[in-house]
Amino acid sequence: MSELNTIQQSIARRTFLKESAMGLCSIALASMLPSAGRADQVDTDRNNVNQGELAEPHFPARAKRVIFLFMAGGPSHVDLFDPKPHLNKMDGKEIPAELLKDHQQFALIRGMPALKGSPYKFDRHGESGTVISELMPHLATVADELTVIRSMKTTTNVHDPGVNMMNCGSVLFGRPTLGAWLSYGLGSENQNLPAYIVLTSGANDGQPLLQSFWGNGFLDSRHQGVPFLSGPDPVLHLANPSGVSALHRREQLDLMAWMNRHQHRQVGDPEILTRIASYEMAYRMQSSVPELTDLTQESKETIESYGADPTKPSFANNCLLARRLIERDVRFVQLYDRGWDSHTDIQREHKRQCAAADKPITALLKDLKQRNLLQDTLVIWGGEFGRTPVAQISGKTYGRDHHPHGFTMWMAGGGVKSGFTFGSTDEFGYHVAQDTVHVRDLHATILHLLGIDHHRFKHKFKGLDLGLTGVDPARVVRELLA
Amino acid sequence: MALALVLSGQSRTHAELPIDFNQDVQPILADRCYACHGPDEHSREADLRLDRQDSALGTNEQGAAIVPGKSDVSELVRRINSGDQGEIMPPSELHKPLTDEQKRILIRWIDEGATYQEHWSLVPPKRVDVPRPRKTDWPRNPIDHFILARAESEDLSPSRTANLATLIRRATLDLTGLPPTPEEVDAFVIDPRKNAYEFLIARLMSTTAYAERRAQDWLDLARYADTRGFADDQTREIWPYRDWVVQAIEQNMRFDEFTILQLAGDMLPEASDEQRLATAFHRNAPQAKGQTYPTEEYRIKGVVDRVNTIGRVWFGLTLDCAQCHDHKFDPISQRDYYSLMAIFNNVEHGGSGFGQGGPTMNYTIAARDESERNAQRTRLESDLTAARNELPPVRSIDSKQVIGSWSAPTVVEDPGKFSITGDLTMTAKIRTTDSVADIVSKYDWRGKQRSYVFGIGGEGDTGSLPGHLYFWVSSKLHPFAGVTVYGSQNVSDGKVHRVAVEFVAGHSVRLFVDGIEDTAARVTGRVPASIAESNRRLAIGAGYQGGNEPDGYQFTGELSEIRISDQAVGDSILHGEAANKVIELQAAISRLDAQKSKKLVANVPIMRERSERRETFVHLRGSFLTPGDRVTPAVPAVFSVSNTFQPRNRLEFARWLVDGKNPLVARVVVNRFWQGYFGRGLVATADDFGAQGKPPSHPKLLDWLAVEFVESGWDMKHIHRLIVTSATYRQSARVPAKSRQQDPENLLLSHMPRVRLPAEQIRDQALAISGLLVNKVGGPPVFPAHPQDYWQQRALPGKWTDSQGGDRHRKSMYTYWRRMALHPSLELLNAPARENCVVRRAISNVPTQALVLMNDPIFHEAATVFASRLLREVKNDDAKRLERAFRLALARSPDNTERDRFLEFIGNKTSPSSTAKLSDHAAWSLACGVLLNLDETVTRP
């Protein structure tokens with residue numbers, strides 16, 4: 001019998017002895033169980049349940065975990081991080097035609113729109129003098145933690161392919177997301193929770209969140225992100241059906257396990273033992289997940305600092321939950337905050353989004369730092385693209401269209417410089433002017449920070465060596481590294 | 001030779017066996033060298049191709065990479081062994097160094113003469129001789145000869161045949177997607193016939209469920225879903241295509257026809273609706289339809305998906321990469337890719353009048369429902385005739401109660417006679433095809449002389465049905481009021497009928513046909529306390545139409561034995577209980593007729609060829625914004641089709657694809673069939689028959705099956721039958737110790753692999769075991785129970801409204817298949833959302849699945865209904881209930897220890913002494929939950 005089986009059997013035995021249900025959670029969870037499929041077993045090393053595909057990192061990792069704060073819909077760089085005095089001066093004038101050469105039209109705007117400056121005040125903050133607009137006053141207080149990249153570039157101005165690009169390095173559906181790649185490559189450090197957890201919040205009229213946004217693509221399905229729901233059950237079907245008490249469930253599991261082992265003795269299929277372990281873990285999740293998501297365990301001060309409210313779902317709650325997940329060594333936590341797709345009334349909508357996001361993000365950075373977690377946790381902020389420096393007029397209000405040619409993202413913690421601003425866009429905030437960081441470069445850099453050489457990090461699928469980065473050039477942006 | 005090494009396809013170090021290019025050398029070259037010295041002309045270095053012998057081989061003097069027979073002077077050998085970082089191959093920056101073992105293989109191959117072979121999958125399969133293994137009493141068909149000969153060569157022996165209960169559960173789950181019923185298991189186990197198993201397979205393969213189960217696999221390939229994909233992900237009516245697949249498979253359509261119809265059915269001369277419907281295959285490609293989507297870009301995405309799908313489904317090759325550059329490992333150039341694309345680039349799509357939605361057709365669906373209903377009606381009719389024939393002769397009114405009696409049409413001259421105002425019964429024997437005719441009348445509607453009338457077709461009144469009995473009476477108090485009754489059956493069918501009516505004054509009115517009350521007769525108005533009188537004479541076999549003479553509504557045919565009584569004697573002419581069977585059947589027929597088939601018209605996306613050919617260009621770096629050379633339709637050059645025979649359009653391409661000469665198509669298809677039963681294909685990489693794929697574990701068997709497939713007339717059922725009737729398939733699943741050591745992955749199939757059921761079958765089985773399953777075939781998608789607000793939480797448009805009634809418990813393949821948010825329970829159990837073509841499903845074994853099976857309302861309901869079923873079917877005997885439960889869920893009885901465990905589990909909860917006593921139903925629901933969650937239950941044995 002393989003080592004795995006022995007481990008699992010001993011776990012199973014322990015469970016049957018009904019040792020303390022919590023505390024002794026040394027069982028691998030979803031993301032760590034081996035695959036059951038015979039078809040894809042060919043390359044599976046069944047013994048490495050706790051490890052990722054990479055037996056060891058290609059080089060020392062600067063970050064162990066990632067929080068990706070995904071501002072779904074696309075936040076406006078010229079209103080938040082990239083002030084453009086010239087744009088303000090030209091406000092109302094038609095966009096210069098040469099800016100539009102050699103690329104696709106806008107997503108929604110037709111014709112030649114007018115330039116639109118930003119009404120917001122920008123200031124330098126902290127010792128580094130990092131520039132942040134008045135829409136993010138709290139974030140300004142941690143300006144010295146950030147590496148702001150003002151020269152991001154992506155390949156599409158359509159939402160879902162844009163999210164695919166940001167998550168998977170390809171506009172196509174069916175490719176693994178960053179979180180799935182990390183789960184696959186590095187495995188899980190937590191014995192009780194999935195390696196990749198997704199938290200969602202924000203305006204309900206925002207762009208939809210598709211299953212593929214946390215998909216495993218062609219990687220094993222255990223690497224798929226597990227989206228926590230905002231209802232009473234954070235994980236689907238976590239609670240027992242009415243009429244099934246905890247004691248009954250335990251008795252059911254004991255009988256099930258006995259039957260399964262009985263079957264195993266007869267046919268010898270090791271997959272049966274995996275199933276026993278899998279059911280035991282599900283049982284443990286039934287108590288560990290509600291404990292994890294119970295924000296009332298936090299101090300009043302902490303809850304207030306995030307602006308969280310345990311009684312109703314919010315981005316603030318998710319930020320606090322993200323810290324609890326990171327504390328438990330979850331590899332990749334992705335927060336989707338919807339409502340940034342401001343086509344019609346950006347002043348109202350961005351103010352609303354910033355009001356809801358600014359304080360909790362700041363609290364998260366401070367909290368991580370205070371707990372010595374920021375040094376090996378990489379925090380990434382951004383959307384699938386930025387927003388146009390031209391206006392999309394809608395009656396009395398205006399909005400901004402999707403803008404992939406030059407926009408801003410920032411990172412903090414795990415191995416990136418602090419209080420650093422990199423790259424620039426032209427005087428209109430339209431094209432990247434200097435130090436382009438394509439999404440592919442960002443991917444190469446993120447992998448690098450996690451100790452992975454993106455050139456060497458591949459999975460064989462349908463005859464191809466596929467990775468997060470691929471045929472198109474991608475570089476580690478060393479200028480960003482601390 | 002060590003088995004593991006052979007199976008790895010990498011090593012053949014044993015001295016006596018020569019190195020085999022396909023098996024040993026090519027995998028190394030493809031993985032380590034082709035990226036720079038392979039088919040891609042743009043990335044080729046030093047003008048050297050190691051995939052082509054004319055480029056790689058040469059003489060010492062030429063400085064050739066490979067000098068056959070002379071590794072010591074071959075440049076390749078010098079470079080792979082070089083200690084110089086600037087010279088070593090593969091270059092160190094590729095991070096793909098050769099192992100020592102790989103170097104030894106290359107050197108030995110060169111020394112043995114450096115013989116090249118074409119890649120195995122591109123060499124057309126030939127019918128090979130069936131090998132003769134030493135053990136002769138095991139093989140049942142040629143498959144077994146190949147499997148056994150190979151196992152024997154590795155000193156492994158096959159496992160014994162699985163027990164009969166396991167065999168029927170295995171075959172039934174595999175072939176129909178459902179578990180066998182206990183009755184089916186019993187029938188099979190006691191079947192004394194020598195070929196009982198073959199009979200079983202024949203029965204299973206003739207079911208519609210068989211076609212549904214096979215269709216499920218094809219729908220993965222066809223990326224069938226009920227929504228368009230992308231963020232708007234709207235519903236589209238493409239489900240008639242899903243039903244077309246089921247029907248085609250049920251008819252065992254030849255695979256060549258199956259291919260041609262789906263790729264180009266619209267282009268056949270005078271294409272039928274069904275032939276055009278089949279082309280929805282390629283309209284399953286995700287299709288954006290929103291103003292944010294650039295039209296041409298997304299049209300191209302659709303065409304690209306079609307080309308890639310062709311590659312996976314028929315060639316078993318990944319063409320995708322050639323979209324941007326020449327394929328690095330397989331001989332597919334970028335030009336090949338776009339030439340293939342030119343074939344599929346000529347659909348009216350994005351063109352004027354079609355928008356981004358593309359061409360559609362209105363398809364009228366009645367077929368299956370209608371024909372099923374008709375067949376059922378025919379069965380019921382014949383049962384009814386049989387039941388009628390068994391009835392005793394119909395009784396007439398007892399002569400003591402008769403006040404008038406005639407044997408033929410006539411008129412009673414005295415108008416004062418038969419002025420009956422109270423109770424009344426009339427009988428007659430008729431044989432006619434009249435739609436309107438009176439039997440007995442003292443009723444003139446127009447002449448305002450209304451008393452009573454009994455006949456057929458209500459004198460042509462619009463409220464009555466032609467050929468059906470009717471009876472009217474007017475009230476003495478209100479001559480315009482009265483009661484009317486219309487029969488529910490046609491009695492004008494040219495057959496003899498005994499008809500009757502009974503009127504009970506102020507109380508009731510009943511019609512009788514052949515001694516049976518017509519309980520479905522329609523009665524309107526109030527039954528009067530007394531009947532109005534009329535001055536018209538009593539007419540037999542005719543009626544009045546506004547005059548003194550009974551000259552209307554003449555009865556033609558036979559009318560005899562007419563009797564009238566002034567008493568209510570209906571009961572005396574009834575058959576009583578003897579007629580129950582007839583009554584039941586009549587009710588069934590009228591129920592069937594009542595559910596009139598609703599004709600459904602669906603607007604289905606299909607393919608339609610443009611009259612003017614759209615030009616196709618190579619897209620440089622895969623972008624349509626940078627067109628390169630113009631290309632014309634052509635198949636990839638590797639298939640060596642001369643210009644004269646080059647397919648020019650979809651139809652010619654489809655015909656070429658299945659002309660039986662393509663080296664890949666038949667192999668790729670039979671390999672997927674194999675994968676469906678053994679969990680792994682003979683080529684484990686069923687989606688990659690290229691240089692980077694795994695070589696076949698049994699190459700000769702694969703070729704034999706491929707040739708057999710084509711020569712059988714592309715008979716899909718034939719290949720499936722061969723597989724499931726083989727001794728290989730019938731083996732026990734118990735892992736033998738020797739196999740565990742020597743062949744842990746069971747590549748040589750010395751026992752049957754256990755395979756976890758697909759998502760759909762896990763749910764369908766739970767429904768079937770509990771008795772909830774509604775076995776209705778086809779139709780619009782259904783909406784089984786779903787977590788609330790699941791879409792809303794992700795801001796997906798639309799709202800999931802749970803289906804009501806039977807649609808909650810239909811087979812899972814009919815579940816609304818939403819690409820961007822598949823039903824979460826199916827998704828968690830590894831059903832693909834079908835964003836694109838799926839050749840192999842992943843199967844995982846994770847805790848979130850356990851939560852679904854234990855807690856999802858769908859499975860919880862199945863457990864509780866399963867318990868109800870047990871309590872209903874077996875009274876007051878837990879041991880017998882357990883027996884029934886095991887046989888329903890696992891097709892076997894519990895053994896003694898299992899029985900003890902379960903009975904203890906139940907007893908603890910139901911015994912009066914128990915602290916928290918549960919009802920029988922609650923306790924059995926928990927036990928049923930356990931049974932539905934067992935590894936044995938969710939695994940094909």
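Below, chains carry the letters A, B, ... as their sequence lines are ordered, and counting in each starts from 1.
No side-chain heavy atom of B:Leu931 sits under 4.5 Å from any side-chain heavy atom of A:Met256. In this structure, the side chains of B:Asn855 and A:Arg249 come closer than 4.5 Å at one or more pairs of heavy atoms. Looking only at side-chain heavy atoms (C-beta outward), A:His237 and B:His860 stay at 4.5 Å or farther from each other. Residues A:His248 and B:Leu918 have side chains in contact (heavy-atom distance under 4.5 Å, counting atoms from C-beta outward). Counting heavy atoms from C-beta outward, A:Leu210 and B:Leu796 have side chains that approach closer than 4.5 Å. Within the 4.5 Å cutoff, the side chain of A:Leu255 has heavy atoms near those of the B:Arg901 side chain. A 4.5 Å side-chain heavy-atom check between A:Ser278 and B:Gln849 finds every atom pair outside the cut-off. No side-chain heavy atom of A:Glu251 sits less than 4.5 Å from a side-chain heavy atom of B:Leu926.
The closest donor-acceptor contact from the side chain of A:Asp160 to the backbone of B:Phe230 lies at 3.5 Å or more, if one exists at all. Judged by distance alone, the side chain of B:Asp935 and the main-chain N or O of A:Asn260 form no donor-acceptor pair under 3.5 Å.
At a 4.5 Å heavy-atom cutoff, B:Asn908 makes no contact with chain A through either its backbone or its side chain. Proximity to chain A is limited to the side chain of B:Glu835, based on heavy atoms less than 4.5 angstrom apart.
Atom-to-atom distance recorded for B:Arg734:CZ and A:Asp269:CG is 12.0 Å, nearest 0.5 angstrom. Put simply, CG on B:Asp895 and NE2 on A:His262 are 3.5 Å apart, with the number rounded to the nearest 0.5 Å. Here CD of A:Gln252 is found 9.5 Å from OG of B:Ser925. Values are rounded to the nearest 0.5 Å. Rounded to the nearest 0.5 angstrom, B:Leu851 CG and A:Leu236 CG are separated by 9.0 Å. Between the CE atom in A:Met259 and the CG atom in B:Leu890 there is a gap of 6.5 Å [rounded to 0.5 Å]. Within the model, atoms CH2 of A:Trp258 and CZ of B:Phe902 stand 8.5 Å from one another, a figure rounded to the nearest 0.5 Å.
Residue B:Gln788 places its CD atom among 12 or fewer non-hydrogen atoms of other residues, nucleotides or ligands, all under 6.0 Å distant.
Looking at A:Leu253, A:Asn240, A:Val244 one by one, the single match for side chain to side chain contact (heavy atoms under 4.5 Å, CB included) with B:Met854 turns out to be A:Leu253.
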